[in-house]
Enquirer: 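Quick one: the structure is below, and I'll ask about it shortly.
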Protein chains: 2
Amino acid sequence: MANKKNNITFSDIAKYTNFSKTTISRYFNHPETLTEQNRNIIAEALEKLNYKENKVAKILANGCTEFIGIIIPNLYVRYYSEILNQILSTYEAFGYKFLVFISNGSKEDERTYLQELLAYKIEGLIILSHTLPSIELANLHLPLVAVEREDVYISSVNSDNYQGTILACENLSSHDCEVFLHISAPTTRTTPAYKRVEAFDDYCEKHQLLHHTFMEEMGASHEEVKSHLTHILEQIELNYSGIRKGIFISGDTYANVFLNLLIRKYGYLPNDYFLIAFDDSPISREAIIPISSVSQQIDKIAFEAVELLISQIQAQKERPAFCEPVHKIISPVLIPRETTEKN
Amino acid sequence: MANKKNNITFSDIAKYTNFSKTTISRYFNHPETLTEQNRNIIAEALEKLNYKENKVAKILANGCTEFIGIIIPNLYVRYYSEILNQILSTYEAFGYKFLVFISNGSKEDERTYLQELLAYKIEGLIILSHTLPSIELANLHLPLVAVEREDVYISSVNSDNYQGTILACENLSSHDCEVFLHISAPTTRTTPAYKRVEAFDDYCEKHQLLHHTFMEEMGASHEEVKSHLTHILEQIELNYSGIRKGIFISGDTYANVFLNLLIRKYGYLPNDYFLIAFDDSPISREAIIPISSVSQQIDKIAFEAVELLISQIQAQKERPAFCEPVHKIISPVLIPRETTEKN
DNA sequence: TTGTACGCGTTATCAC
DNA sequence: GTGATAACGCGTACAA
């Protein structure tokens, strides 16, 4: 009944039921073409012989792996772990399985991951790492969606960094801030986050507001970040003392550190400080004083990314032609909290 | 040269080089059995025809998927995202690929994930979710390693929760705390974290210390946690005012909330409060006052889990007999920070 | 050292 | 409705 490897196959079921392998296959893929009686016979046999399906064989025969590859920089940054969380959760909706690689920033390694993913015949790729240029990725001729990274030659889903920044500025305006400050790590022009820099400047210049941007490399460790922000805080206290400061910090990990520095200095958040962060990761809500933040709606980004990818997978199956990159934008939402809405 | 699907296979390479498919296969799997000259010829052909390997076919032929399945509760909790991070990173060391499912706590769904994983012929499973009892998992007769969950019938890797708690208590002792308090969410006897409760009680009773355990359901949201801890803090202030309090909080997310409550009340950490948390996730270091914490050495746990799983996979290949469950314990390390080491 | 022939477990294309 | 038969792409006895 079972072969040496103790693996029940269609052949075994076929022998047992006196049908052919074809009929067993149809039982799974086109059950409506069988009589109910025969369906029952097969169902019983499957049960009795304890049949387990083998998708590897299925893939080889019909070419559909239902695999999507993911290359993500790390899971240490909240944004990434949450977006992976949301992407993996789309299994319920779409049924695609995910092969996940963590990229450590080495191009060499990342190319290895790509080869491995291609070898497993992934149907599409979601890429969050920013190591390889999009032109190289486009040359894979594989359905592909980038999330929050350079996306000149490939499809992508991003949050509207420009609009989100405007929301933050408008909130700071509504609190009559007298100087607008932007704290950010350096970004390059092709990066989605660069839009935050642009938007901040645009807004301040349009409304003729006193403003300044602190843009510097913050370092990788918490201690480095803390020391950089300590220095920035000193400058702010020196140059803008006594006036209402609206501070927009790109990234709420930084914002949390900055807030903690203020609290350790004063024991409370001084009245002339108004803080808004970006991302709205849990730390914003859990900070000692809950931090106002621009939420990226990560669940939507993830869902749209998978949906867009699948639509491209299907498009390519029908006509394997070149697809124009599609760029989707998700609107962010301002979550006002205590660092701006004081009472 | 290429077939209709534009897929180069061994056949194509064979025709092109006038070797047989077998020789091409050997080029990859036993290159030493070819002359260097022929190897070069084949290498050139592979290059010229742009051959891409197909691991799906390979799997079907030799049965080795190099897939490991992972079922993890979520990536919202830092411990899980970090352990997934570390597990995925073992690709460098072992080459196994990971199929990841997020379990939402439904048994039904989890069984679906298991079936899916089995259909893809995973060679082993790492399970962190605690939805299904280990007896059911053991019945899969699949190499299996549990991490930080009930593990009566299956192999596991856990941190030494008992020893970690003792380390915490010893530190609090060294600061001459007069009352020992333990704040924890409820745990059940078969859960690894239950050992923290036991160890705390054992230590306090052995040393005849005044002690109390606050064990209550904290709720899922930050706001709920905050409200529970506010209440606990009130009780502590009421019952133990004026004496040195050593507080052991199981989980540094809770510890951070508790610390923030103290700082918002006093503007600083009062001298009679000594705090130690468990887990040492980034929040411990990044809290407004860095929190002393018992580190679980997640990197080691992840590595040992994968290593143990692979050893079981190999053992089963050699003699597919029943394997006694193996339980590995990783020693935690106390990371002293400002909430205990005051100056 | 190299080639032949068959197997892995399923799907697809025809016939019947 | 059902059944042969040939793919799918690679590995491996066994033979040469």
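Below, chains carry the letters A, B, ... as their sequence lines are ordered, and counting in each starts from 1. Note that the structure is predicted; figures quoted are calculated from it, not measured. These numbers come from the heavy atoms of this one structure, side chains and all, not from hydrogens, waters or symmetry mates.
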Enquirer: Looking only at side-chain atoms of Y51(B), point me to the closest of dT2(D), dC8(D), dC10(D).
Expert: dC10(D)
Enquirer: Below the 4.0 Å mark, does dC10(D) have OP1 or OP2 next to a side-chain nitrogen or oxygen of N54(B)?
Expert: no
Enquirer: In this structure, how many angstroms lie between the C1' atom of dT10(C) and the CG atom of L60(A), rounded?
Expert: 8 Å
Enquirer: Once you apply a heavy-atom cut-off of 4.0 Å, does T35(B) come out as touching a base, just sugar-phosphate, or nothing?
Expert: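 If one applies the 4.0 Å heavy-atom cut-off, T35(B) turns out to touch the sugar-phosphate alone, with no base involved.
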Enquirer: Examine dG3(D): is either OP1 or OP2 under 4.0 Å from a nitrogen or oxygen in the side chain of S20(A)? Give yes or no.
Expert: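 The answer is yes; a side-chain N or O of S20(A) sits under 4.0 Å from OP1 or OP2.
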Enquirer: Tell me whether the count of non-hydrogen atoms from other residues, nucleotides or ligands lying under 6.0 Å of NZ in K300(A) goes above 12.
Expert: no
Enquirer: So how far is it from Y76(A) OH to Q86(B) CD, rounded to the nearest 0.5 Å?
Expert: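 Reported to 0.5 Å precision, the distance equals 12.0 Å.
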Enquirer: Heavy atoms, side chains only, cut-off 4.5 Å: are L125(B) and L309(B) in contact?
Expert: no
Enquirer: Given atom CD1 of I24(A) and atom P of dT11(C), what is their separation to the nearest angstrom?
Expert: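 Distance check: I24(A) CD1 to dT11(C) P gives 11 Å.
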Enquirer: Answer yes or no: side-chain N or O of T23(B) and base N or O of dT1(C) forming a donor-acceptor pair under 3.5 Å.
Expert: no
Enquirer: Would you say a side-chain N or O of N38(A) is under 4.0 Å from OP1 or OP2 of dG1(D)?
Expert: no
Enquirer: Can you measure Y120(A) atom OH to dC8(D) atom P for me and round it to whole angstrom units?
Expert: 22 Å
Enquirer: Can you measure N18(A) atom CG to dG3(D) atom P for me and round it to whole angstrom units?
Expert: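 Atom CG in N18(A) sits about 9 Å away from atom P in dG3(D).
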Enquirer: Less than 4.0 angstrom between a side-chain N/O of Y27(B) and OP1 or OP2 of dT1(C), yes or no?
Expert: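 Answer no for this pair, as no side-chain N or O of Y27(B) is under 4.0 Å from OP1 or OP2.
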Enquirer: Return the 5'-most residue of the pair A61(B), F19(B) with respect to DNA chain C, ranking by each residue's nearest nucleotide.
Expert: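 Residue closer to the 5' terminus by nearest nucleotide: F19(B).
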Enquirer: Taking the minimum atom-to-atom distance to the side chain of N7(B), which one of dG9(D), dT11(C), dC10(D) wins?
Expert: dG9(D)
Enquirer: Looking only at side-chain atoms of T9(B), point me to the closest of dC10(D), dT10(C), dT12(D).
Expert: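 Among the listed nucleotides, the one closest to the side chain of T9(B) is dC10(D).
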Enquirer: Decide, yes or no, whether a salt bridge links K107(A) with E136(A) under the criterion of side-chain N to carboxylate O below 4.0 Å.
Expert: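 No, this pair does not count.
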Enquirer: Heavy atoms only, 4.0 Å cut-off, all strands: where does F28(B) land among base, sugar-phosphate and nothing?
Expert: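 Result for F28(B) = nothing.
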Enquirer: Rounded to whole Å, how long is the line connecting atom NZ of K52(A) with atom P of dC8(C)?
Expert: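 Rounding to the nearest Å, NZ of K52(A) and P of dC8(C) are 20 Å apart.
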Enquirer: Using a cut-off of less than 4.0 Å, is there contact between a side-chain N or O of N62(B) and OP1 or OP2 of dC8(C)?
Expert: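 Checking N62(B) against dC8(C): no side-chain N or O falls below 4.0 Å of OP1 or OP2.
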Enquirer: Take atom CD1 of I13(A) and atom C1' of dG9(C), then tell me their distance rounded to the nearest Å.
Expert: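 Distance check: I13(A) CD1 to dG9(C) C1' gives 12 Å.
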Enquirer: Would you say dT11(C) has OP1 or OP2 under 4.0 Å from some side-chain N or O of S25(A)?
Expert: yes
Enquirer: Indicate, with yes or no, if the rings of Y27(B) and F19(B) have centres closer together than 6.0 Å.
Expert: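 Ring centroids of Y27(B) and F19(B) are no less than 6.0 Å from each other.
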Enquirer: Rounded to the nearest Å, what distance is computed from the CD1 atom of residue I59(B) to the C1' atom of nucleotide dC8(D)?
Expert: 14 Å
Enquirer: Taking atom P of dC6(C) as reference, at what distance in whole Å does atom NZ of K21(B) sit?
Expert: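 Going from K21(B) (NZ) to dC6(C) (P), I get 12 Å.
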Enquirer: In Å and rounded to the nearest 0.5 Å, what is the CZ to CD1 distance from F67(A) to I59(A)?
Expert: 5.0 Å
